[in-house]
Amino acid sequence: MQSLCLSASARVRVSIPGPTSPRLARSLSPAEWAPEIPMGSVRRSAPLCCTRGLQEASALDNETYSLINSIEVREWESGKSIDDIAANQGIRIRRHPSTNTPRNILEKIIWDKVIEVSELKKEKPLTLVKETLADAPPARDFVGALKASYERNGVPALIAEVKKASPSKGVLREDFDPVEIAKAYEQHGAACLSILTDEKYFQGNFKILEAVRKAGVQCPLLCKEFIIDSWQIYYARSKGADAVLLIAGVLPDIDIKLMTMECRELGLTALLEVHNERELDRVLNIDGIQLIGINNRDLETFEVDNSITKRLLEGERGEIVRKKGIIVVGESGLFTPDDVSYVQNADVKAVLVGESLIKQNDPGKAIPGLFGKEILQLLTMHLV
Ligand SMILES: O=C(O)c1ccccc1NCC(=O)[C@H](O)[C@H](O)COP(=O)(O)O
């Protein structure tokens, strides 16, 4: 596949978040990225920062071609702001604030993240991040590890979360030794680990991710971040992540398409998180998605309701998920073997669990309590 960088990052590079009009803050449209190249009957442009290949229209593969001709790109070219495009897709989180008051905590997190990422990019531009990719440990097969664990144990594979705090629950664990916790999770059967890297709201950071990998933990690692810019995907990989979280309630379709392409290029797994039918439908309409997380927690209100997983997987949607061979992860609010059985009966093959493990004296030993049995770990290297 071609090396692409026509992504969301191109937009953030030119859009300064602030109390300006959304139109003024609008980022570059594809037509503004670079010189025109003829593609069918539609005027199209090559991205400025493509690293190879896109200069030649003939080199465009089908995936890239349909992306560049997608409805979202046309909307963009017609001058719609990213927030207008997102709102049309039912996304309530705004990227470019027109007021100073966020509607909810998730929107506040995203606004802060936009500023944080633009600062980080000044310190370390994408070209520098890319130079460090070669030094990163090889990517591991996140989905393969989940499937193997499900087959081995007959219960949903565990993605155990290493998080010190959260906006809804505050500090979850005072004596927080992430490497020790990660090792204990692995020893007691976790298939993969989720590492919070957001500092402001979760007290996480990328040093934790690196330290866990360097300590010899073999489980594939999910970088649990609020990704709004492709730069973060490259950065996560450079720090040793094997998977990244993409939240459908925050990212419009075009970002998801571009970011999942970038993930594939980097050997990263994208975990697409949804919370309602509309988000699931959007994600199911995007090609190449392997892993979907259904978050039982509403990130705007913090309300947790496990029946959301069941509701979303009923009927036609569940059929599509099965037909496409997508692995579904049940996320949040899972405390007991009954909770795990409930989501397993809804056809979930993996669970993402934080609070109910991390708050126990020994988070590793709490795993059999969550599943009602010991979970076997096969410690093999899951390299992509
Ligand atoms: O948990 C929060 O308070 C929160 C707030 C805003 C955005 C995301 C948030 N949490 C992310 C998650 O959903 C959980 O960390 C993850 O699914 C594990 O949930 P749990 O087992 O309930 O800790």
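Note that ligands are numbered from 1 as they come in the structure, with each ligand's atoms numbered from 1 the same way.
The nearest protein atom to atom 13 (O) of ligand 1, hydrogens excluded, is given as Asn295 ND2, 2.9 Å; this is a heavy-atom distance. Atom 6 (C) of ligand 1 has its closest protein heavy atom at Ile109 CD1, 3.9 Å. Distance from atom 2 (C) of ligand 1 to its nearest protein heavy atom, with residue and atom name: Ser168 OG, 3.4 Å. The nearest protein atom to atom 4 (C) of ligand 1, hydrogens excluded, is given as Phe202 CZ, 3.8 Å; this is a heavy-atom distance. Of the protein's heavy atoms, Phe302 CE2, 3.5 Å lies nearest to atom 5 (C) of ligand 1. Nearest protein neighbour of atom 15 (O) of ligand 1, counting heavy atoms only, is Glu161 OE2, 2.5 Å. Protein heavy atom in closest approach to atom 17 (O) of ligand 1: Ser332 OG, 2.6 Å. Of the protein's heavy atoms, Leu299 CD2, 3.3 Å lies nearest to atom 8 (C) of ligand 1.
With Ser332 as the fixed residue, the side-chain hydrogen bond (donor to acceptor under 3.5 Å, both in side chains) test singles out one of Asn295, Asp298, Asn296: Asn295.
Using a 4.0 Å cutoff on heavy atoms, Val353 counts as a contact of ligand 1. Heavy-atom distances between Lys224 and ligand 1 reach below 4.0 Å in at least one pair. Using a 4.0 Å heavy-atom cutoff, Pro167 is listed among the residues neighbouring ligand 1.
The shortest N or O to N or O distance between Gly354 and ligand 1 is below 3.5 Å. Note: an N/O pair closer than 3.5 Å links Gly333 and ligand 1 by distance alone.
Looking at Ile358 against ligand 1, nothing comes within 4.0 Å, counting heavy atoms. At a heavy-atom cutoff of 4.0 Å, ligand 1 is contacted by the side chain of Arg297 but not by its backbone. Only the side chain of Phe226 comes within 4.0 Å of ligand 1, judged by heavy-atom distances. Contacts between Tyr201 and ligand 1 below 4.0 angstrom, taking non-hydrogen atoms only, are absent altogether.
Considering only residues two or more places apart in sequence or on other chains, Lys169 meets the salt bridge (Lys or Arg N to Asp or Glu O under 4.0 Å) condition with Glu355.
For NZ of Lys207, the number of neighbouring non-hydrogen atoms (other residues, nucleotides, ligands) closer than 6.0 Å is 12 at most. For Asp135, the CG atom is densely surrounded, since the number of other residues' heavy atoms within 6.0 Å is greater than 12. Around atom NZ of Lys164, more than 12 heavy atoms belonging to other residues, nucleotides or ligands sit under 6.0 Å away. For Lys365, the NZ atom sits in a loose shell: 12 or fewer heavy atoms of surrounding residues, nucleotides or ligands are nearer than 6.0 Å.
You'll find the ring centres of Phe206 and Tyr235 inside the 6.0 Å limit.
Two residues are said to be in side-chain contact when any heavy atoms from C-beta on lie closer than 4.5 Å; Leu128 and Thr132 fail this criterion.
In this structure, Lys183 does not pair ionically with Glu180, as no charged nitrogen and carboxylate oxygen lie closer than 4.0 Å. Residues Arg92 and Glu300 are paired through a salt bridge, judged by an N-O separation under 4.0 Å between the basic side chain and the carboxylate. A salt bridge does not link Lys113 with Asp229: none of the charged nitrogens is closer than 4.0 Å to a carboxylate oxygen.
Taking every non-hydrogen atom of Glu355 and a distance limit under 4.0 Å, the qualifying atoms of ligand 1 come out as 20 (P), 21 (O), 23 (O). Ligand 1 places these atoms under 4.0 Å from at least one heavy atom of Ser166: 1 (O), 2 (C), 3 (O).
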side-chain hydrogen bond (donor to acceptor under 3.5 Å, both in side chains) assessment of Asn205 paired with Thr197: CA-CA 4 Å; Asn205 58 59; Thr197 51; over 6 Å; no
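Among Lys169, Glu331, Lys163, His275, the residue whose heavy atom lies nearest to atom 14 (C) of ligand 1 is Lys163.
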